[in-house]
Amino acid sequence: MTVDPFVKPEDETAQDAIAAIGEELDLFDDWMDRYQYIIELGRKLPPFPQQWTDDAHRVPGCQSQVWLEAHKDENGLLYFAGASDAAIVSGLVALLLRVYSGRTPEEILATDPSFLSDLGLVQALSTNRGNGVEAMARAIRTRATHEQDAD
């Protein structure tokens, strides 16, 4: 039996997901505990198919290797699968997919990735990791733009 690699939304909207992530991060007193939490989120990502860990799925601009795949269902919702070779980055992939996966291209494009800064995530990361997270968000939004244009 194969496991569906695409992340299903836990929250009703992207904004609800951002609010929930903010509340979860607020439970921790310091960034070491938050990092541990983010790493745990990455460990819970659905298994990413090995055949997708290639250059065609690789997100450029990330210090670590990051792979992303998207699938649009019959209802016009865009689902994402993602993985990284670094534990903290896998967690950041999980956070992004929690916000963006299972949404319409319009909702994805209406959800500015500035929430990453608003939650303090980008500032808490090294410059290269921060750039990588922004590259992942760009890749997701680029895919949503292509899907919207295809309609």
Side-chain angles (χ1 to χ4, degrees), residues 2-72 77-103 105 107-147:
T2 57
V3 177
D4 185 353
F6 296 99
V7 173
K8 304 293 180 264
E10 300 172 37
D11 310 280
E12 199 162 315
T13 67
Q15 291 305 319
D16 289 345
I18 293 166
I21 291 165
E23 288 168 14
E24 290 161 14
L25 291 174
D26 284 345
L27 296 173
F28 303 101
D29 294 329
D30 62 50
W31 273 102
M32 288 315 295
D33 291 338
R34 287 183 187 126
Y35 284 138
Q36 202 50 52
Y37 171 72
I38 291 168
I39 289 168
E40 284 303 314
L41 291 177
R43 290 191 178 126
K44 294 176 187 168
L45 275 172
F48 195 78
Q50 186 64 42
Q51 69 266 26
W52 290 348
T53 56
D54 59 10
D55 286 343
H57 291 85
R58 187 149 184 226
V59 177
C62 297
Q63 181 181 17
S64 321
Q65 295 204 60
V66 175
W67 301 276
L68 196 63
E69 176 58 84
H71 157 72
K72 190 173 181 182
L77 299 177
L78 205 49
Y79 288 89
F80 292 93
S84 174
D85 61 351
I88 187 76
V89 179
S90 287
L92 295 167
V93 168
L95 283 178
L96 281 170
L97 297 188
R98 179 170 174 186
V99 171
Y100 290 116
S101 190
R103 314 279 178 217
E107 185 177 7
I108 292 167
L109 294 171
T111 305
D112 193 295
S114 63
F115 74 86
L116 296 164
S117 296
D118 298 343
L119 295 173
L121 288 166
V122 173
Q123 302 87 321
L125 299 168
S126 68
T127 303
N128 286 339
R129 292 235 194 277
N131 291 342
V133 172
E134 289 167 349
M136 285 187 280
R138 255 193 320 279
I140 289 168
R141 290 167 64 81
T142 298
R143 182 62 189 258
T145 301
H146 289 304
E147 291 297 338

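Position 1 is the first residue of the sequence; numbering continues from there.
The distance from atom CG of L27 to atom OH of Y37, rounded to the nearest 0.5 Å, is 8.0 Å. To the nearest 0.5 Å, atom OG1 of residue T145 and atom CG of residue L109 are 4.0 Å apart. Interatomic distance, CD of Q123 versus CG of D118, reported as 8.5 Å (0.5 Å rounding). Summarising the geometry, atom CE belonging to M136 is positioned 11.0 Å from atom CG belonging to N131; distances are rounded to the nearest 0.5 Å. Here the straight-line distance linking atom CG of L78 with atom CD of E107 works out to 11.5 Å at 0.5 Å rounding. Here L116 contributes atom CG and L125 contributes atom CG; the two are 9.0 Å apart, rounded to the nearest 0.5 Å.
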Query raised in the report: Should K8 and S101 be marked as a side-chain contact (heavy atoms from CB on, under 4.5 Å) after you check the CA-CA gap, both sets of side-chain angles, and the distance that decides it?
Result: CA-CA 6 Å; K8 304 293 180 264; S101 190; over 6 Å; no
**Report entry** side-chain contact (heavy atoms from CB on, under 4.5 Å) between Q65 and T53, intermediate numbers included
**Finding:** CA-CA 9 Å; Q65 295 204 60; T53 56; over 6 Å; no
Requested in this report: Any chance you could lay out the side-chain contact (heavy atoms from CB on, under 4.5 Å) test for Q15 and F115, step after step, and finish with the verdict?
Outcome: CA-CA 9 Å; Q15 291 305 319; F115 74 86; over 6 Å; no
Requested in this report: Mind running side-chain contact (heavy atoms from CB on, under 4.5 Å) on L121 and L25 for me, showing each step along the way?
Outcome: CA-CA 10 Å; L121 288 166; L25 291 174; 4.1 Å; yes
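You'll find the side chain of K72 stays beyond 4.5 Å of the side chain of R143, heavy atoms only.
Pairing each heavy atom of L68 with each of F48, the nearest pair is N-CZ, 4.1 Å. Residue L45 comes nearest to S90 through the heavy atom pair CD1-O, 3.5 Å, listed as atom of the first residue, atom of the second, then distance. The heavy-atom pair separating P47 from P5 by the smallest distance is O-CB, 3.4 Å. In terms of heavy-atom proximity, F6 sits nearest to A81 at CD2-N, 3.6 Å. Residues A17 and R103 come closest through the heavy atom pair CB-NH2, 4.1 Å. Closest of all the heavy-atom pairs between E147 and P105 is CB-CG, 4.0 Å.
Within a 6.0 Å radius of CD in Q50, other residues, nucleotides and ligands contribute 12 heavy atoms or fewer. Atom CG of D26 has more than 12 heavy atoms from other residues, nucleotides or ligands within 6.0 Å. Enclosure of atom CD in Q51 by more than 12 non-hydrogen atoms of other residues, nucleotides or ligands within 6.0 angstrom is indicated.
At least one donor-acceptor pair closer than 3.5 Å links the side chain of D54 to the backbone N or O of H57. Remark: the backbone N or O of V66 is not paired with any side-chain donor or acceptor of S84 at under 3.5 angstrom. When atom types are taken as modelled, the side chain of R141 and the backbone of I108 share a donor-acceptor pair closer than 3.5 angstrom.
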Run the side-chain donor-acceptor check on residues 93-100: report pairs under 3.5 Å with partners two or more places apart or on a different chain.
residue : atom : partner : partner atom : Å
R98     : NE   : D11     : OD2          : 2.9
R98     : NH1  : E24     : OE1          : 2.8
R98     : NH1  : E24     : OE2          : 3.2
R98     : NH2  : D11     : OD1          : 3.4
R98     : NH2  : D11     : OD2          : 3.4
R98     : NH2  : E24     : OE2          : 3.1
Y100    : OH   : T111    : O            : 2.8

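Outside the 6.0 Å centre-distance limit, the rings of F80 and W52 are not counted as a close aromatic pair.
The residues R138 and E134 are annotated as not salt-bridged, no charged nitrogen and carboxylate oxygen being separated by less than 4.0 angstrom.
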